[in-house]
Each structure stands twice: as C-alpha cells, then as structure tokens.
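Owing to the predicted nature of the structure, the values given are computational and were not obtained by experimental measurement. Heads up: numbering here begins at 1 and tracks the sequence.
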Amino acid sequence: LSKESRRSFELGFVGKQVIHPKQIDPVQEAYSPTPGSIDYASKVVQASRDHQHGAFAHEGKMIDRPTVKQLENLLQRATLMGLYHPRQDDNEE
C-alpha cells in the first residue's frame, strides 16, 4: 500500500481513498510533502516573484510557470496539513 501510494503520488495524484483505519497512516505518509520538497518549493516560489515573465534558472534547473504552479500547490497542501507555515512576507507579491 505504501509503495503503491508513493508511486501514484509521483505520478501527480494528490490523494487516495481508504476503506480501513489501518490504511490511513501509510497513505497519508505517502502523499505528504517531505521537508526537503517543502523547502525547495518555498525557495523556487520565492525566486519566481523576481521573474514575473517566462522561465528562469534556479539552482541549475529551468523553472517555468507550470512548475511554479505545481510547487505553489505543494505548499498549499503542506500548509493545510500543518507541515508548512508561510511567513507573512511569503504571501506578498
């Protein structure tokens, strides 16, 4: 269940229905953003504010608007899960 959930998360799914209480923890763990992914997303989203038009380079990787949107969604999920607490200045544009 854990492996299957992690794989579907990697494919872009954001959740999975469970039918037994014992399934909750492994599924929730698989779909929860990691501290590393939260940190990376936070840095890229912040950097994107300096690059309003088109793609830009960040840590040797090309970042385009769809990538920023995915990372914003990750931060939103992390916030809802109590894993990320944006600073007030993170929300300013």
Sequence neighbours left out, cut at 3.5 Å: what donor-acceptor pairs do the side chains of residues 11-21 make with other protein atoms?
residue : atom : partner : partner atom : Å
Lys16   : NZ   : Glu4    : OE2          : 2.4
His20   : ND1  : Lys22   : N            : 3.0

- Message: Looking at Val45, is its backbone amide N or carbonyl O close enough to the side chain of Ser48 to form a donor-acceptor pair, meaning the two atoms are under 3.5 Å apart?
- Response: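 Flag set: sc Ser48 to bb Val45 pair under 3.5 Å.
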Measuring from [X]:[atom1] to [Y]:[atom2], what's the distance to the nearest 0.5 Å?
| X | Y | atom1 | atom2 | result |
| --- | --- | --- | --- | --- |
| Leu75 | Gln46 | CG | CD | 10.5 Å |
| Arg77 | Ile38 | CZ | CD1 | 9.5 Å |
| Glu10 | Ser5 | CD | OG | 11.0 Å |
| Met81 | Ser32 | CE | OG | 3.0 Å |
| Thr79 | His85 | OG1 | NE2 | 8.0 Å |
| Tyr84 | Gln76 | OH | CD | 12.0 Å |

- Query: In terms of hydrophobic clusters joined by side-chain contacts under 4.5 Å, are Val44 and Leu83 together?
  - Reply: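 Yes, it is one cluster - the side chains of Val44 and Leu83 are joined through contacts under 4.5 Å.
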- Message: Hydrophobic clustering (ILVMFWY, side-chain heavy atoms < 4.5 Å, transitive) - are Val68 and Tyr40 grouped together?
- Response: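 Looking at the clustering, Val68 is in the same group as Tyr40.
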- Message: Under 4.5 Å side-chain heavy-atom separation, chaining through any Ile, Leu, Val, Met, Phe, Trp or Tyr, what else clusters with Leu80? Say none if it is isolated.
- Response: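 Besides Leu80, the cluster holds no residue at all.
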- Partner residues of Asp25 under the salt bridge (Lys or Arg N to Asp or Glu O under 4.0 Å) criterion, sequence neighbours left out: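 Per chain and number, Asp25 pairs via salt bridge (Lys or Arg N to Asp or Glu O under 4.0 Å) with no residue.
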- Query: What residues form a salt bridge (Lys or Arg N to Asp or Glu O under 4.0 Å) with Lys69, not counting sequence neighbours?
  - Reply: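 Applying salt bridge (Lys or Arg N to Asp or Glu O under 4.0 Å) to Lys69 gives none.
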Which donor-acceptor pairs under 3.5 Å do side chains of residues 55-65 form with protein atoms, sequence neighbours excluded?
residue : atom : partner : partner atom : Å
Asp64   : OD1  : Thr67   : N            : 3.1
Asp64   : OD1  : Thr67   : OG1          : 2.6
Arg65   : NH2  : Glu72   : OE1          : 3.4

- Item | Stepwise side chain to side chain donor-acceptor pair (under 3.5 Å) test for Ser37 and Thr34 | CA-CA 5 Å; Ser37 66; Thr34 65; 3.1 Å; yes
- For Asn73, all residues meeting side-chain hydrogen bond (donor to acceptor under 3.5 Å, both in side chains), sequence neighbours excluded: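 Residues passing side-chain hydrogen bond (donor to acceptor under 3.5 Å, both in side chains) with Asn73: none at all.
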